[in-house]
Amino acid sequence: MANFLIVEARFYDHLNDMLVAGAKAALEEAGHSVEVLTVPGALEIPGAIAMAAETGRYDGFVAIGVVIRGETYHFEIVAGESARGIMALTMDGIAIGNGIITVENEEQALVRADPSKKDKGGEAAKAALALLDLQGRFAA
Ligand SMILES: Nc1c(NC[C@H](O)[C@H](O)[C@H](O)CO)[nH]c(=O)[nH]c1=O
Ligand SMILES: CC(=O)[C@@H](O)COP(=O)(O)O
């Protein structure tokens, strides 16, 4: 059994609830333990994962968040930089699935957050599981 940490940026409660539910279901179905940590926004997720990884307590991570385009360039920063930070950590060998949905509007977000529809939370959890599996295979 592996220990997973879901790091969620809780910007939209109803969307996060669905994304986290999908991620937890995938991880628990695979027989793993799951903890959830909440941070203010997607830009804080990479740093939180880096801190948590340093403890050595977790085998894998799932980043959960929702970024909905507003009126300014801030969407590009939040969406792009959170993804870049997560990618950098993954390239360092940390098993992370990115479940931060970056969308134009609430309608797109609902379809992607819903575990019975596109289940992006579950998809991100399965990506983290795949990377953890690779870690084991390459370490053997
Ligand atoms: N607009 C959204 C944000 N913005 C907040 C940033 O992520 C960050 O917390 C702030 O800039 C302080 O460092 N975050 C989201 O997760 N989703 C958004 O739509
Ligand atoms: C993704 C965002 O940063 C967005 O929620 C903020 O909206 P705005 O660009 O209108 O300030």
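Not measured: the values here are computed from a predicted model.
- For residues 62-121, the set of pairs meeting the ring pair (Phe, Tyr, Trp, His ring centres under 6.0 Å) definition, not counting sequence neighbours, is empty.
- Using a 4.5 Å heavy-atom threshold, the side chains of Leu131 and Ile96 count as separate.
- Taking the side chain as every heavy atom from C-beta outward, Leu19 and Glu8 never approach each other to under 4.5 Å.
- Cluster annotation: Leu132 and Leu27 are assigned to the same hydrophobic cluster (Ile/Leu/Val/Met/Phe/Trp/Tyr, side-chain heavy-atom contacts under 4.5 Å, transitive).
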Could you walk me through whether Leu110 and His14 satisfy the side-chain contact (heavy atoms from CB on, under 4.5 Å) test, starting with their C-alpha distance in whole Å, then the side-chain angles of each, then the deciding distance to 0.1 Å, before giving a yes or no? CA-CA 9 Å; Leu110 284 166; His14 64 302; 4.1 Å; yes
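- Heavy atoms only, all atoms of each residue included: Ala52 and Leu5 are closest at CB-CD2, 3.5 Å.
- When every heavy atom of Phe11 is checked against every heavy atom of Asn16, the shortest pair comes out as N-OD1, 4.0 Å.
- With a 6.0 Å radius and a threshold of 12 heavy atoms from other residues, nucleotides or ligands, Glu81 has its CD atom above the threshold.
- Side-chain contact between Ile100 and Ile86: present, with at least one pair of heavy atoms (C-beta onward) separated by less than 4.5 Å.
- Here the straight-line distance linking atom NE2 of His32 with atom CG of Asp59 works out to 8.5 Å at 0.5 Å rounding.
- Annotation: Glu54, atom CD; neighbour count of heavy atoms from other residues, nucleotides and ligands within 6.0 Å does not exceed 12.
- For the atom pair CD1 of Ile49 and CG of Leu37, the computed distance is 9.0 Å after rounding to the nearest 0.5 Å.
- Looking only at side-chain heavy atoms (C-beta outward), Phe61 and Leu89 stay at 4.5 Å or farther from each other.
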Could you go through the salt bridge (charged side-chain N to carboxylate O under 4.0 Å, His left out) check for Lys126 and Glu123 one step at a time? CA-CA 5 Å; Lys126 289 170 185 169; Glu123 186 179 284; over 6 Å; no
Stepwise side-chain contact (heavy atoms from CB on, under 4.5 Å) test for Arg57 and Asn3: CA-CA 7 Å; Arg57 286 186 222 140; Asn3 298 321; over 6 Å; no
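- Residues passing the side-chain contact (heavy atoms from CB on, under 4.5 Å) test with Asn105 are Glu107, Gln108, sequence neighbours excluded.
- Within the structure, no pair that satisfies the side chain to side chain donor-acceptor pair (under 3.5 Å) test touches residues 18-28, not counting sequence neighbours.
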